[in-house]
Amino acid sequence: MGGRGMGQGRGRGMGGQGRGMGQGQGRGMGGQGMGQGRQTAMNAGAAPANTQGNTMSAVKKVAVTSEGPTLESRVDARFGRAGGFAVVDLETMEVEYVDNGGSQSMAQGAGIQAAENVANAGAQVLLSGYVGPKAFAALQAAGIGVGQDVDGLTVGEAVEKYKRGEVPMAASANAQAGGNK
């Protein structure tokens, strides 16, 4: 195995209740020197939610980057530096707001911290305008599907569009690294 996931790592491990995402120096199995390694830890015994192959009916919670705490709030186009996330229960349409203020002030790693916030909220899908490559990788590692390009809508409109099957799950990031997204 290469230097990805397995091995020892130092870095910012973001954990909590057995789920974590981190990025730091790591040595992979077979140890060919130091390199950037990504460490992930999922809940022990729990399979990651793979939204790519699941039907939308299997998804219970969707997180939407949001400028406010309601369905009428505008979608924040940025992921890592979004004001917060409206986490919507698709069955009841109840909204739980997760403040993302701590990530906004970070010089680096805002997207990775935001990915942890989304994962800890129990969302299986993220809807946003733009997601950078490190944040996208962290969301994928947590088993969270990513729907992009829903900026310009309200949270409620983005969720309804997702429920109609009009928001495809992205295969890659749509923002550059460090692009203040």
Side-chain angles (χ1 to χ4, degrees), residues 3-5 9-26 34-43 48-49 51-52 61-71 73-88 95-155 158-159 162 167 169-181:
R4 187 168 162 78
R10 291 187 317 267
R12 294 186 324 263
M14 292 171 238
Q17 302 198 342
R19 174 183 279 165
M21 290 169 263
Q23 181 174 345
Q25 298 295 320
M34 297 293 281
Q36 282 290 76
R38 190 172 322 289
Q39 305 158 281
T40 59
M42 300 300 289
N43 284 339
T51 57
Q52 302 291 1
K61 286 186 176 183
V62 174
V64 184
T65 54
S66 177
E67 294 177 358
T70 69
L71 291 172
S73 300
R74 303 299 298 175
V75 171
D76 193 327
R78 308 160 301 169
F79 172 65
R81 301 201 186 277
F85 305 100
V87 181
V88 182
V95 179
E96 173 192 345
Y97 187 70
V98 177
D99 183 45
N100 193 43
S103 292
Q104 290 179 322
S105 63
M106 295 177 73
Q108 293 183 7
I112 296 169
Q113 177 65 48
E116 179 190 4
N117 293 342
V118 170
N120 287 340
Q124 296 136 314
V125 169
L126 167 78
L127 303 178
S128 185
Y130 302 96
V131 179
K134 291 178 185 176
F136 190 88
L139 290 162
Q140 278 193 319
I144 297 170
V146 179
Q148 300 171 137
D149 302 317
V150 296
D151 48 316
L153 304 174
T154 66
V155 170
V159 170
Y162 171 77
V167 180
M169 293 296 99
S172 64
N174 66 347
Q176 293 182 359
N180 216 13
K181 299 287 182 203

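We count residues from 1, following the sequence as given. Given the structure is predicted, the values throughout are model-derived calculations rather than measurements.
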Quick one: closest heavy-atom pair of [X] and [Y], and the distance?
X: V87; Y: A121; result: CG2-CB, 3.8 Å
X: A173; Y: G132; result: CB-C, 3.5 Å
X: A158; Y: V64; result: CB-CG1, 4.4 Å
X: G83; Y: D99; result: O-OD1, 3.4 Å
X: S66; Y: V155; result: OG-CG2, 3.5 Å
X: R81; Y: A110; result: NH1-CB, 3.6 Å

Between the CD1 atom in I112 and the CG atom in N117, the distance rounded to the nearest 0.5 Å is 12.5 Å
To the nearest 0.5 Å, what is the distance between CG (L126) and CE (M169)?
-> 8.5 Å
Check whether any side-chain N or O of [X] sits under 3.5 Å from a backbone N or O of [Y] as a donor-acceptor pair, and report yes or no.
X: T65; Y: D76; value: yes
X: N100; Y: G80; value: yes
X: Q124; Y: K61; value: yes

Residues which pass side-chain contact (heavy atoms from CB on, under 4.5 Å) with S172, listed by chain and number, not counting sequence neighbours = none
Taking only residues two or more places apart in sequence or in another chain, which ones pass side chain to side chain donor-acceptor pair (under 3.5 Å) with D149?
-> N174
Answer yes if the ring centres of F79 and F85 are under 6.0 angstrom apart, and no otherwise.
-> yes
Given V75 and L127, is the side chain to side chain contact (heavy atoms under 4.5 Å, CB included) satisfied, shown in steps?
-> CA-CA 9 Å; V75 171; L127 303 178; over 6 Å; no
